[in-house]
Amino acid sequence: MTGTPFQNRVWNEIKNIPAGQTRTYKEIAVSIGNPGSSRAVANACAANPNPITVPCHRVIRSDGRHGGYSGPGGASGKSALISSEKEIATRNT
DNA sequence: CACATGACCTAAC
DNA sequence: TGTTAGGCCATGT
C-alpha cells in the first residue's frame, strides 16, 4: 500500500475523516501540506489500492459534487455511502 | 529530463 | 446555467 509518501499522506488524511463528514480534495491537499496539489490528491485516491479501507467516498469536489470512486458502487454508490454514514453519525449524535 | 494522464479548480464565454 | 480554456501538482512512461 505504501506507494509514494504523498499518496500515503493523502490516504492518511482521508482515513482521518470522521464518518458522516465529507472533505474536499482541496481541503485534503491543505491538510497534507500541499494546498495547491488538489489534483494530485484526487490522483492519489484514484491510485489508492484500498478504495474500501480508505473512505475515498467521503472525498468530494469543491462544488459539492462527487469526484469518483474506484470501489464498489462507483461514483453512484459513493453518494449512497456518504448518506449512509451521515445517517450513522446523526444516529450516534 | 520531457511528455502524457487525471476522481481538480478557477475564470471566462 | 452549461461548456470551454488555462493552470496547478504528482505519477508513470
Side-chain angles (χ1 to χ4, degrees):
Chain A
M1 102 179 237
T2 48
T4 66
F6 180 83
Q7 286 175 179
N8 259 305
R9 283 189 284 257
V10 176
W11 305 335
N12 191 277
E13 287 300 313
I14 297 172
K15 285 191 280 190
N16 265 265
I17 301 173
Q21 286 288 63
T22 50
R23 296 278 296 257
T24 65
Y25 291 99
K26 186 129 53 126
E27 284 293 299
I28 296 190
V30 175
S31 297
I32 65 179
N34 290 315
S37 311
S38 53
R39 250 170 138 169
V41 172
N43 269 6
C45 293
N48 130 31
N50 294 15
I52 302 169
T53 9
V54 179
C56 44
H57 56 259
R58 292 184 198 153
V59 188
I60 59 175
R61 294 183 37 158
S62 306
D63 306 280
R65 306 286 195 216
H66 321 106
Y69 187 52
S70 303
S76 307
K78 184 171 173 173
S79 53
L81 286 165
I82 294 171
S83 299
S84 300
E85 297 195 338
K86 255 194 281 200
E87 192 71 35
I88 295 169
T90 306
R91 285 206 212 171
N92 279 314
T93 36

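Within every chain, numbering begins at 1; the chains are lettered A, B, ... in the order of the sequence lines, protein sequences first and strands thereafter.
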Trainee: What's the CZ-P distance between Arg65(A) and dT1(C), to the nearest Å?
Mentor: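 Rounding to the nearest Å, CZ of Arg65(A) and P of dT1(C) are 11 Å apart.
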Trainee: Nearest whole Å is fine: how far is dA10(C) P from Glu13(A) CD?
Mentor: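 Checked: the CD to P distance equals 16 Å.
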Trainee: Using side chain to side chain donor-acceptor pair (under 3.5 Å) as the criterion, list what pairs up with Thr24(A), not counting sequence neighbours.
Mentor: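 Scan of Thr24(A) (side chain to side chain donor-acceptor pair (under 3.5 Å), adjacent residues dropped) gives none.
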Trainee: Mind running side-chain contact (heavy atoms from CB on, under 4.5 Å) on Lys15(A) and Val54(A) for me, showing each step along the way?
Mentor: CA-CA 6 Å; Lys15(A) 285 191 280 190; Val54(A) 179; 4.2 Å; yes
Trainee: Can you measure Glu27(A) atom CD to dA7(B) atom P for me and round it to whole angstrom units?
Mentor: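 From Glu27(A) CD to dA7(B) P: 21 Å.
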Trainee: Dump every N/O contact between nucleotides 9-13 of chain B and the protein below 3.5 Å, one line per pair.
Mentor:
{"from": "dC9(B)", "atom 1": "OP1", "to": "Ser62(A)", "atom 2": "N", "distance (Å)": "2.9"}
{"from": "dC9(B)", "atom 1": "OP1", "to": "Ser62(A)", "atom 2": "OG", "distance (Å)": "2.4"}
{"from": "dC9(B)", "atom 1": "OP2", "to": "Arg61(A)", "atom 2": "NE", "distance (Å)": "3.1"}
{"from": "dC9(B)", "atom 1": "O3'", "to": "Lys26(A)", "atom 2": "NZ", "distance (Å)": "3.1"}
{"from": "dT10(B)", "atom 1": "OP1", "to": "Lys26(A)", "atom 2": "NZ", "distance (Å)": "2.7"}

Trainee: Kindly list each side-chain donor-acceptor pair under 3.5 angstrom involving residues 1-12 of chain A, sequence neighbours excluded, with atom names and distances?
Mentor:
{"from": "Thr4(A)", "atom 1": "OG1", "to": "Gln7(A)", "atom 2": "N", "distance (Å)": "3.2"}
{"from": "Trp11(A)", "atom 1": "NE1", "to": "Ala44(A)", "atom 2": "O", "distance (Å)": "2.9"}
{"from": "Asn12(A)", "atom 1": "OD1", "to": "Asn16(A)", "atom 2": "ND2", "distance (Å)": "3.1"}

Trainee: Which of these passes side chain to side chain donor-acceptor pair (under 3.5 Å) with Asp63(A): Arg61(A), His66(A), Arg65(A)?
Mentor: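 In the set Arg61(A), His66(A), Arg65(A), the residue that makes a side chain to side chain donor-acceptor pair (under 3.5 Å) with Asp63(A) is Arg61(A).
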Trainee: Look for any protein N or O under 3.5 Å of an N or O in nucleotides 5-7 of chain C and output each such pair with its distance, or none.
Mentor:
{"from": "dG7(C)", "atom 1": "O6", "to": "Arg39(A)", "atom 2": "NH2", "distance (Å)": "3.4"}
{"from": "dG7(C)", "atom 1": "N1", "to": "Arg39(A)", "atom 2": "NH1", "distance (Å)": "3.4"}

Trainee: So, the side chain of Arg58(A) versus the backbone of Ile17(A): is there a donor-acceptor pair under 3.5 Å, distance only?
Mentor: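 Yes, Arg58(A) side chain to Ile17(A) backbone: donor-acceptor pair under 3.5 Å.
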Trainee: Taking all non-hydrogen atoms of both residues, which atom of Ala46(A) and which atom of Ser70(A) are closest, and how far apart?
Mentor: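 Looks like O-OG, 4.2 Å.
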Trainee: List, with names and distances, any nitrogen or oxygen atoms from the protein found under 3.5 Å away from nitrogen or oxygen atoms belonging to nucleotides 11-13 of chain C.
Mentor:
{"from": "dT11(C)", "atom 1": "OP1", "to": "Thr4(A)", "atom 2": "OG1", "distance (Å)": "2.5"}

Trainee: How close do Tyr25(A) and Ser38(A) get, heavy atom to heavy atom, and via which atoms?
Mentor: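 Smallest interatomic distance, heavy atoms only, reads CB-O, 3.8 Å.
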Trainee: Ser62(A): what forms a side chain to side chain donor-acceptor pair (under 3.5 Å) with it, not counting sequence neighbours?
Mentor: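 Ser62(A) satisfies side chain to side chain donor-acceptor pair (under 3.5 Å) with no residue once adjacent residues are dropped.
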Trainee: Kindly give the heavy-atom pair with the smallest separation between Ile14(A) and Pro55(A), and that separation in Å.
Mentor: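 The answer is O-CG, 3.2 Å.
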